[in-house]
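The block underneath contains the structure these notes are about, expressed in structure tokens.
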Amino acid sequence: MRGAVLVLIVVLFLAVQSVPSSMAAETICPGSPLNIGMVMSTAPWESLTLVASYPVELDGWSISDGEGSVTFTKGALDAGDTLLMTTAMEATLIMPASVTITFSDPSLERRGRLALADGGDQVMLISPQGATVDILCYGGATTIMPWDGPPFNRMGAGEAAIHIDMSSLSADGWTLAPLGQTSLMPQEFQGSVEPFSCPEQARDRIMRELRYASQEVLVCVYRLDSPTIATALCGAFMRGVDVTVLVEGSPVGGIDDDALSQLATLSEYGVEVLTMRSNDTYRRYDYLHCKYAVFDSRRTMVMSDNWIDSALADDRGWGAVVDSRSLASYMRGLFLDDIDGIDIVTPDIDGVEPCAISILDDIPATPIEVFHASIIPILSPDNAEAAIMDLMDSAKERLLVEMFYIDLEWDAGSLLDGVIDAAMRGVATRLLLDSSWFTIDDNPEFVNRINLLARERGLDLEASLESGLHGFGLLHNKGMVVDDTVLISSINWCDSALHRNREVGLLIRSTELADRFADIFHQDWADDPEPPVAILPERIEANPDGSVLLNASWCHDNDAIVGYMWDVDGDGLTDAEGKMVSLVLPPGEHLVTLTVVDGHGNTANATTLVSVPEPVGDLDLPLPLVLSVPVGAIIAWRTLKKIKNRSRDSGR
């Protein structure tokens with residue numbers, strides 16, 4: 001499986017190999033049996049490849065940059081062969097070839113100094129007759145014949161210029177890509193899908209899968225610092241499960257002490273722990289940002305959130321477990337491909353103290369819903385952008401986007417165009433973004449821009465920020481609902497997530513499942529989904545004179561309570577308003593109902609039973625005061641009733 005990774009250059013080479021020798025010259029480059037296939041200028045990987053379109057003797061062929069050259073004195077290539085010339089033989093780990101030599105090989109005749117400059121250069125392939133049959137001008141180099149037009153892009157660390165159109169002698173015939181990336185196309189699978197949301201269920205669902213795994217656990221996450229999950233992983237390993245964990249080796253801010261401790265714990269107990277590390281010389285992906293796991297080659301979990309305690313306890317995210325052996329096989333293959341690279345290393349945990357693990361509590365019996373669905377895994381940078389765009393282009397009724405952030409400076413391109421196009425077709429389109437301090441620089445302005453555009457064009461399009469009244473810390477989701485399909489993913493809407501990170505998502509087609517996540521979206525869209533909490537004592541004893549203080553000070557709300565309304569006689573009408581109300585009631589028992597309302601119109605009720613004692617005849621009080629108590633109570637009661645009756649009459 002690991003050898004099946006198809007990097008772009010390999011795709012190119014295989015395409016050449018598949019061309020019959022009788023047709024190769026015409027298909028690849030008429031008149032030349034040899035072409036430049038790839039150029040990589042960054043140290044220590046300065047390399048280039050030559051691609052043979054049909055059998056060719058190498059004697060007399062040269063490579064030149066205008067300042068120096070190397071000329072072959074012997075050797076031959078068969079049709080479809082590739083020859084890698086490099087300064088570092090370990091380049092074969094990321095650039096497989098039929099033949100590999102160094103620039104200092106004794107079979108090469110050298111003149112001057114040939115170097116592939118980072119800032120820009122010309123690379124020419126010269127035939128034994130002295131003709132320049134292929135050329136690349138890149139970066140800040142001065143263009144020379146037969147190159148046509150401006151130079152190609154400058155190469156960054158780990159990037160190579162790939163010749164995608166061998167007949168072209170211009171920048172249009174080249175593309176820029178890191179070597180070693182996969183190039184996988186979307187595939188569709190059938191399976192049983194068990195959805196969940198974070199923070200309500202995510203931690204328990206992870207723990208459940210780890211508890212019941214019996215053969216193999218493969219975990220690929222950006223960050224992992226949860227002691228509970230680390231303990232469960234160690235527990236799985238100790239009962240005979242093969243456990244491998246892959247995390248990002250250079251996350252933003254670095255791997256913190258908590259995460260290092262958990263990685264040290266996993267390693268101490270025998271779990272294989274790997275990191276994907278980017279560096280100055282080579283990297284396949286900017287970041288390993290996905291959040292997925294494969295259990296027993298059967299069950300696949302994909303989430304929007306990292307396996308860290310703060311996220312699992314506080315962040316809004318979506319997730320799903322899919323029971324499908326075919327999908328699990330696909331995702332297992334992806335995992336094995338990704339750990340088969342020279343940028344995969346063990347973490348630097350020397351001197352890091354591992355944590356003690358403890359016996360875990362039983363996993364709560366959380367309800368599990370199961371939906372049969374079609375599932376398409378999407379990957380960045382392989383195919384995610386095109387797959388998401390195709391999904392939005394298919395929207396007919398609803399397009400709901402719940403996203404952690406959208407880069408304000410991002411050249412929006414296809415995805416935002418897809419959102420606007422959907423709204424212009426009459427699709428009800430909503431975008432909900434995080435409102436925390438993490439995203440305060442971009443999200444509010446983005447929301448304003450979208451809403452202004454919608455007003456100007458009269459579109460059924462609206463963007464909003466999460467209100468902060470939903471009980472979670474961050475809206476960390478990266479999901480969509482489009483008609484009968486839901487996207488669960490790690491993919492933010494920014495250039496790096498779509499084109500340079502390793503990201504994973506699932507497109508799941510099921511009307512019932514899409515409705516379930518749409519319900520979650522609309523709850524999150526609401527300004528305040530939580531009603532206030534109304535609290536009263538079960539019973540209140542009034543004073544002997546019938547006076548009572550009704551106190552609503554124990555009531556509370558996630559925002560603020562703006563109204564307190566009391567019904568003291570059970571007729572459903574408000575008799576008094578205020579957090580604390582003093583009343584005099586006649587003897588007997590009175591069921592008092594309190595209604596509280598918050599600033600968003602949510603209400604809650606509470607009741608209490610108020611007991612007013614009968615007057616006691618032998619109270620040691622002056623006679624006029626004793627008589628004044630029931631008289632005052634009766635007068636107050638009658639006055640209150642008159643006010644209510646007038647209010648009722650005036651409202652008819």
Side-chain angles (χ1 to χ4, degrees), residues 1-7 10 180-194 205-222 224 229 232-234 236-237 239-248 266 270-276 284-285 288-304 306-307 319-346 373-384 387 488-491 501-508:
M1 175 60 70
R2 299 185 182 187
V5 179
L6 299 181
V7 299
V10 176
Q181 293 183 349
T182 56
S183 183
L184 300 176
M185 299 302 293
Q187 297 184 37
E188 186 168 353
F189 304 93
Q190 301 296 313
S192 298
V193 181
E194 303 167 9
R205 293 309 311 275
I206 294 171
M207 296 297 292
R208 182 180 185 275
E209 296 302 319
L210 293 175
R211 177 66 62 87
Y212 294 123
S214 60
Q215 300 172 15
E216 180 184 66
V217 173
L218 307 175
V219 176
C220 183
V221 292
Y222 180 63
L224 190 162
I229 293 176
L233 288 166
C234 293
F237 179 81
R239 65 174 186 269
V241 179
D242 186 8
V243 181
T244 305
V245 174
L246 174 64
V247 299
E248 167 59 40
L266 294 172
V271 173
E272 184 178 14
V273 181
L274 303 170
T275 65
M276 181 180 286
R284 282 180 290 173
Y285 306 101
L288 179 83
H289 192 248
C290 41
K291 294 95 175 172
Y292 74 90
V294 182
F295 306 93
D296 294 340
S297 298
R298 174 175 174 173
R299 293 170 67 81
T300 302
M301 173 181 285
V302 174
M303 297 174 55
S304 57
N306 293 299
W307 288 19
V321 175
V322 180
D323 194 321
S324 165
R325 291 191 181 276
S326 55
L327 173 64
S329 177
Y330 177 95
M331 297 301 296
R332 185 177 187 271
L334 174 70
F335 183 90
L336 296 179
D337 287 343
D338 279 352
I339 65 172
D340 185 23
I342 62 172
D343 53 352
I344 301 298
V345 298
T346 56
S374 298
I375 306 103
I376 299 175
I378 63 172
L379 314 173
S380 286
D382 307 51
N383 54 52
I488 297 172
S489 82
S490 64
I491 308 168
N501 291 352
R502 165 59 88 209
E503 310 270 5
V504 168
L506 297 179
L507 293 176
I508 307 172

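These figures come from a predicted structure and were not determined experimentally.
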With distance as the sole test, does [X] use its side chain to make a donor-acceptor pair with the main-chain N or O of [Y] at under 3.5 Å?
| X | Y | result |
| --- | --- | --- |
| R502 | S380 | yes |
| T275 | V345 | yes |
| R284 | M276 | no |
| H289 | I491 | no |
| S324 | Q190 | yes |
| D382 | L184 | yes |
| E248 | L288 | yes |
| D340 | L336 | no |

Exercise. When you check the gap from the basic side-chain N to the acidic O, do R332 and E216 get nearer than 4.0 Å?
Worked result: yes

Between atom [atom1] of [X] and atom [atom2] of [Y], what is the distance when rounded to the nearest 0.5 Å?
| X | Y | atom1 | atom2 | result |
| --- | --- | --- | --- | --- |
| Y330 | I376 | OH | CD1 | 10.0 Å |
| T300 | L327 | OG1 | CG | 4.0 Å |
| S214 | D242 | OG | CG | 12.0 Å |
| I206 | K291 | CD1 | NZ | 12.0 Å |
| S326 | Q187 | OG | CD | 9.0 Å |

With the side chain counted from C-beta on, respond yes when [X] and [Y] share a heavy-atom pair under 4.5 Å apart, and no when they do not.
| X | Y | answer |
| --- | --- | --- |
| M331 | P377 | yes |
| T346 | V273 | no |
| L218 | F295 | no |
| L246 | V219 | no |
| V321 | V193 | no |
| Y292 | L334 | yes |
| V217 | T244 | no |
| S490 | S304 | no |

For this session: Could you walk me through whether V247 and Y222 pass side chain to side chain contact (heavy atoms under 4.5 Å, CB included), step by step?
Result: CA-CA 5 Å; V247 299; Y222 180 63; over 6 Å; no

Which heavy atom of [X] sits nearest to which heavy atom of [Y], and what is that distance?
| X | Y | answer |
| --- | --- | --- |
| L210 | L233 | CD2-CD2, 3.6 Å |
| Y212 | R239 | N-NH2, 4.1 Å |
| A373 | I508 | CB-CG2, 3.6 Å |
| D296 | A213 | OD2-CA, 3.5 Å |
| V302 | G505 | CG1-CA, 4.3 Å |

For this session: For the pair E194 and R205, evaluate side chain to side chain contact (heavy atoms under 4.5 Å, CB included) and give the outcome as yes or no after the intermediate values.
Result: CA-CA 10 Å; E194 303 167 9; R205 293 309 311 275; 2.7 Å; yes

For this session: Please assess L224 against V245 for the test side chain to side chain contact (heavy atoms under 4.5 Å, CB included), listing each intermediate value before the final yes or no.
Result: CA-CA 9 Å; L224 190 162; V245 174; 4.2 Å; yes

Exercise. By ring pair (Phe, Tyr, Trp, His ring centres under 6.0 Å), which residues pair with F237, not counting sequence neighbours?
Worked result: none

For this session: Could you go through the side chain to side chain contact (heavy atoms under 4.5 Å, CB included) check for L506 and I378 one step at a time?
Result: CA-CA 6 Å; L506 297 179; I378 63 172; over 6 Å; no

For this session: Could I get the full list of salt bridge (charged side-chain N to carboxylate O under 4.0 Å, His left out) partners for E188, not counting sequence neighbours?
Result: R509

